[in-house]
Amino acid sequence: MPAAATPRTSCEWISRTRDTLQENVKRQIPSEEISDHPLKPLVVTVSETRVVKLRAVGGSTTSSTRSSTPTPTQSSLAYSMDPLGAALEGSDPLSQLASHQKMDPLSAMAAESWVEPVEGKRGIENVTTSAGMDDGIRESWASRKAGILCKFTTSEKLSIVTSFLSGGEKVVVKAQSSVVDKVRTRLEQLDDFEEGSVRQMLDLSQQEYMGRIEQLNSELVQAWHQDQRVKALKIAIQCSKLLVDTSVIQFYPSKFVLITDILDIFGKLVYERLRTKSDYYAPGSKVPTPLPENFTPDMVPESAKETCRNWFYKIASIRELVPRLYVEMAILKSYSFLTSGEFSQGLLRLTRMIRGIGDPLVAVYARCYLCRVGLGINSSDRVYLRENFYDFLSVYNQLFSPSVRLDLSFQKVDLSTYLTLYTPALDYILQSVAYDATEKTLADILDRCKQKGNSALLFNTIMAAFKPAYIAARASQFVDLLTSCDEEGFPKYLLFRTLGLCLTLADPPAEHCLQILNDVWKIVSKLTDPAQYICCAEVWVQYVAKHLSTREVNTFLGDIIKHMSVGRAHESHYASLQTVMERVLSHANDFETLLTMDKFLPMLDIFQKESVKVEVCKSIMSHYTKHYQYQTTNDPVITNALMFICRVMHDSVNALTVDDEKRQIGHLICNFVKRVDFGRDFEQQLSFFVEARASFTNLDVIHAQLVQSVNRLAVDTRCIVKGHHTRKTASFVHACAAYCYITIPSITSVLMRLELYLLSGQVALLNQCLGQADACFKAALSLISDVTKTIEIDGKQKSTEPYIVSYICNFLSTLLIVPDSPEQGVLYLTRGLLNVIQNYNWDPQSTARATVYLHVLDMLSTAAQETYPYHIEMVDSNDVLYGSDPKFIAELNRMCSIIVEEILNHLQYLGKSELFSKQSTLALELFIRIATKADLSRPDLATLALNLWNLSQKHGILDVKFAVRTTEYLKKKLSGLYNDEFYSEFISRLKIKSQMK
């Protein structure tokens with residue numbers, strides 16, 4: 001396609017004089033009083049008589065009839081209301097989401113239990129662990145498992161006995177031809193297991209051991225899938241036998257968690273198989289109906305009951321006690337297929353059978369598993385729970401017997417470590433007992449435990465199990481018990497730590513709060529081990545901050561500093577010290593009083609490691625910002641303290657600091673700067689900003705905030721004097737302008753500097769600081785050429801031309817009212833801007849530069865008017881200075897003629913480059929400018945305008961509807977401005993391409 005010819009009519013721009021006041025009057029829309037809010041949503045209702053009523057909520061009603069078949073217009077009527085309201089039936093999106101979602105995603109994920117796919121006769125079934133069995137207890141077993149696996153570890157070698165992993169004897173499943181052969185084969189396989197066909201794997205690391213256990217888990221599920229029930233039972237038996245071994249005693253709790261997970265799966269598999277075999281056929285139905293969830297034994301067919309009894313008979317034939325107990329406990333829920341009253345008897349029977357286990361550690365974990373299984377079978381009987389705990393109390397002294405001590409010395413395990421092995425099981429048992437228990441139960445158990453020697457472990461378990469409110473009500477009694485308790489085996493500091501945890505969750509009697517702290521700290525303060533001391537302090541500091549005054553908090557922090565400074569002990573306990581600070585901050589009722597404490601900043605100095613100290617400072621500032629979001633301060637002590645904290649954060653920033661860290665620190669410091677307010681003492685406020693600029697030199701965002709704050713200070717000064725500055729206030733606002741001018745160059749971001757120069761110039765102009773305003777505008781002009789062509793935003797490179805166009809448009813709106821300096825030429829700042837536009841490296845394929853020139857035309861044509869549309873109070877713009885002087889108007893017209901020439905040159909370039917869409921758009925934009933802002937009575941301008949109109953439609957790219965709207969607009973705009981003959985001729989020549997065809 002050949003290049004389009006561009007109109008090159010030689011013309012001289014003549015700006016049309018406009019009566020702005022009259023135009024504003026014409027543009028005014030006729031007003032009328034209304035009774036309803038115009039933005040109220042419309043409600044569509046359809047009556048039985050097919051009448052559509054449109055009513056604003058709370059307003060009047062209009063109606064119109066319609067036929068029974070809706071027309072497209074009527075169908076779209078419902079969409080005239082608010083789209084979100086229509087889609088969500090009036091509720092907002094968040095409320096709608098909340099109505100459909102019972103819990104948040106994280107809670108939903110936490111509520112899900114582990115799922116193992118199992119293929120059965122009814123397809124894929126869900127086999128879950130017993131994670132949800134004990135939800136009634138304060139802390140469920142599922143939430144404990146990860147902690148146990150992390151805490152109870154070992155570096156010693158472990159062994160495993162099995163015949164189902166590599167190195168073991170392969171089990172061959174024989175084919176059976178009859179029921180008798182099937183039973184005989186299974187008994188032979190069990191006998192084969194009892195006769196020692198298994199092998200022992202030695203020297204396994206903890207990781208290897210856990211891997212082998214996981215393999216056994218997979219083998220069990222796979223055997224079940226392959227219909228090898230005996231093999232699955234043998235795997236469960238072998239896993240249970242592993243719980244007899246205490247050769248690596250410190251790993252036993254983790255071993256218990258791993259093994260019982262497998263037993264849980266086995267029990268679930270058995271239960272689901274029995275449910276599958278319990279399907280029954282309803283009368284007249286050929287489709288089997290599964291049992292309901294809350295079935296009763298009388299609904300179970302006899303064949304399924306027989307299978308259930310067979311499982312229990314097989315398990316009863318296991319010779320060794322521990323495997324027989326564990327495997328029966330794993331399938332205990334299956335008793336529900338036989339009888340509903342079997343659970344209570346079975347639980348008590350198993351409780352008494354556990355008495356036959358000689359090792360107290362093995363016995364207590366067996367009792368723990370029984371309690372956990374019992375809680376998951378919907379049995380209302382809780383007698384067995386207390387029976388299990390009392391049975392443990394009956395053998396409690398065995399934990400300190402010579403035989404146990406000898407075994408511990410052989411394994412090189414101290415008594416304290418040994419007793420901690422009991423805590424997971426014992427805590428769970430006692431929490432099961434304490435669930436919904438009364439205070440009388442606590443008193444009974446406490447009396448029994450007092451009769452035992454070395455009762456520290458028992459007291460610790462009681463405090464962890466029962467409701468904190470029960471413990472808090474007896475806090476003084478527990479302090480006396482713990483103080484007189486023997487420390488052998490179980491350290492006393494752990495007892496006081498547990499008591500502190502209870503008292504942070506529940507309030508003791510108010511009159512005893514201080515006495516409780518004094519009694520406890522008489523003992524804790526004598527601890528010489530820093531680890532034991534800080535272990536208690538990080539818990540009790542929350543008690544002090546919550547229940548006592550700032551004076552006690554200050555004293556408590558001083559005691560922590562004293563203990564942790566000995567031998568630089570703090571260097572090994574930064575995490576605990578951070579917790580101390582976090583808890584003090586969380587419970588601080590008066591943050592300002594906290595900052596004025598004489599031990600608070602010394603507590604901060606104890607963090608010698610820079611990264612930790614910075615994190616603590618960030619936490620302090622975050623709490624300050626959160627609790628004092630809308631409050632300000634001018635107290636010198638608080639200001640200096642916060643300045644010190646912010647300086648620590650700022651000084652940590654270096655070249656290696658990541659952007660997110662810089663952003664976070666900058667945000668916190670900016671919040672601090674905004675909260676320091678000296679009221680009407682503006683000079684003191686400016687002095688603070690000067691100090692802040694000297695202290696925070698590394699972050700652009702802080703300097704930008706300081707410039708913004710100083711500009712706000714200058715505007716506030718102007719508001720107070722109502723624009724009439726005195727000598728003192730004039731000097732002050734000049735100082736503010738100077739502050740901004742010398743601060744902005746220290747910012748590295750070019751775009752941020754551009755924005756701040758323009759803003760500072762506008763504020764200086766508002767305060768009649770013309771020299772400072774000129775300096776800021778000149779600096780901004782010189783900076784435009786430094787803007788790079790692209791900038792990275794969200795990891796993507798984007799062109800800066802849209803930003804430059806927007807920025808220059810904003811600049812031009814300011815330049816309109818900037819008065820010319822007597823020492824400079826006419827519109828010297830605008831000339832400087834035109835030079836910058838001319839020399840800027842624009843993309844030749846875009847219309848960005850031409851778009852800027854169009855906006856310059858808008859500004860210059862407005863500058864040629866007798867009165868500008870807006871002014872700054874007390875500042876005389878060029879309309880006042882020049883008074884529409886002919887020489888000034890002529891200079892404006894000459895500049896406009898040059899700009900039009902530049903735009904025409906670019907139109908010609910777009911035509912040669914065959915960028916016809918951009919050429920059409922630009923031609924139309926220039927046509928509108930000439931038609932509305934130039935004097936069309938000049939023949940050359942009228943001819944140029946018509947040529948541009950034709951060029952915009954030459955290639956058929958311009959939207960016809962838009963062209964029609966444009967001509968209609970011009971008809972109204974030009975009506976009355978020119979004589980009728982010229983107006984009629986000009987309008988008639990505005991042909992639209994589709995009409996010419």
- Message: Side chains of V566 and T528, heavy atoms from C-beta outward: is any pair under 4.5 Å?
- Response: no
- Message: Between H587 (side chain only) and A545 (backbone N and O only), is there a donor and an acceptor less than 3.5 Å apart?
- Response: no
- Task: Please check if the side chain of Y741 supplies one atom and the backbone of S760 the other of a donor-acceptor pair under 3.5 Å.
- Result: no
- Query: So, T748 and D700: side-chain donor and acceptor under 3.5 Å apart, yes or no?
  - Reply: yes
- Message: When you measure from the side chain of E552 to the backbone of S549, do you find a donor-acceptor pair of N or O atoms at a distance under 3.5 Å?
- Response: yes
- Query: Residues in salt bridge (charged side-chain N to carboxylate O under 4.0 Å, His left out) with D605, at least two apart?
  - Reply: K613
- Query: Under the side chain to side chain donor-acceptor pair (under 3.5 Å) test, which residues partner E755, sequence neighbours left out?
  - Reply: Y803
- Query: Does the side-chain contact (heavy atoms from CB on, under 4.5 Å) test come out yes or no for V880 and Y868, once each step is laid out?
  - Reply: CA-CA 9 Å; V880 177; Y868 294 168; over 6 Å; no
- Query: Please, which pairs that meet salt bridge (charged side-chain N to carboxylate O under 4.0 Å, His left out) have at least one residue in residues 664-689, sequence neighbours excluded?
  - Reply: none
- Query: Do F607 and H570 touch side chain to side chain, with heavy atoms closer than 4.5 Å?
  - Reply: no
- Show your reasoning for whether side-chain contact (heavy atoms from CB on, under 4.5 Å) applies to L594 and M597. CA-CA 5 Å; L594 184 66; M597 293 191 316; 3.1 Å; yes
- Is there a donor-acceptor contact under 3.5 Å from the side chain of T555 to the main chain of R551? yes
Could you tabulate the donor-acceptor pairs under 3.5 Å formed by side-chain atoms of residues 853-861, not counting sequence neighbours?
{"residue": "Y853", "atom": "OH", "partner": "Q838", "partner atom": "OE1", "Å": "2.9"}
{"residue": "D858", "atom": "OD1", "partner": "R929", "partner atom": "NE", "Å": "3.1"}
{"residue": "D858", "atom": "OD2", "partner": "R929", "partner atom": "NE", "Å": "3.4"}
{"residue": "D858", "atom": "OD2", "partner": "R929", "partner atom": "NH2", "Å": "3.1"}
{"residue": "S861", "atom": "OG", "partner": "L857", "partner atom": "O", "Å": "3.0"}
{"residue": "S861", "atom": "OG", "partner": "D858", "partner atom": "O", "Å": "2.9"}

- Item | Heavy-atom donor-acceptor pair, S782 side chain to A779 backbone, under 3.5 Å | yes
- Message: Test your reading of the model: is there a side-chain donor-acceptor pair from N767 to the backbone of V763, 3.5 Å cut-off?
- Response: yes
- Query: Do Y807 and T800 come within less than 4.5 Å of each other through their side chains, counting heavy atoms only?
  - Reply: no
- Would a 4.5 Å heavy-atom cut-off, applied to side chains only, mark K599 and F556 as touching? no
- Query: So, the side chain of K618 versus the backbone of M649: is there a donor-acceptor pair under 3.5 Å, distance only?
  - Reply: no
- Do the side chain of N554 and the main chain of T550 share a donor and acceptor less than 3.5 angstrom apart? no
- I would like to know whether T596 and T593 meet side-chain hydrogen bond (donor to acceptor under 3.5 Å, both in side chains); could you show each step before the answer? CA-CA 5 Å; T596 56; T593 305; 5.1 Å; no
- Distance only, no hydrogens: is a donor on one side chain within 3.5 Å (strictly under) of an acceptor on the other, for T790 and Q797? yes
- Task: Determine, for E873 against R718, whether the closest basic-nitrogen to carboxylate-oxygen distance falls under 4.0 angstrom.
- Result: yes
- Task: With sequence neighbours excluded, tell me which residues meet side-chain contact (heavy atoms from CB on, under 4.5 Å) with S813.
- Result: N810, Y870
- Task: Flag the pair L833 / F777 as yes when at least one side-chain heavy-atom distance between them is below 4.5 Å, and no otherwise.
- Result: no
- Taking the six-membered ring of Y840 (Phe, Tyr or Trp), confirm whether the NZ or CZ of R849 is under 6.0 Å from its centre and within 45° of its axis. no
- Note on the structure: Taken to the nearest 0.5 Å, the spacing of Q772 CD from C736 SG works out to 10.5 Å
- Do H871 and D876 have side-chain N/O donor and acceptor atoms under 3.5 Å apart? no
- Query: Can you check whether V707 reaches F689 side chain to side chain, under 4.5 Å on heavy atoms?
  - Reply: no
- Note on the structure: Only one of E571, M603, E582 passes side chain to side chain contact (heavy atoms under 4.5 Å, CB included) with L577, and that residue is M603
- Given side chains that start at C-beta, do those of T504 and R583 come closer than 4.5 Å, heavy atoms only? no
- Task: State whether the side chain of N671 and the backbone N or O of T625 hold a donor-acceptor pair below 3.5 Å, judged by distance alone.
- Result: no
- Task: With side-chain hydrogen bond (donor to acceptor under 3.5 Å, both in side chains) as the test, would you mind laying out the steps for Q762 and T814 before giving the verdict?
- Result: CA-CA 7 Å; Q762 291 169 341; T814 303; 2.8 Å; yes
- What pairs meet the side chain to side chain donor-acceptor pair (under 3.5 Å) rule with one or both residues in residues 701-710, with sequence neighbours excluded? H703-S746, Q705-S709
- Is it true that a side-chain atom of H563 and a backbone atom of D559 form a donor plus acceptor pair closer than 3.5 Å? yes
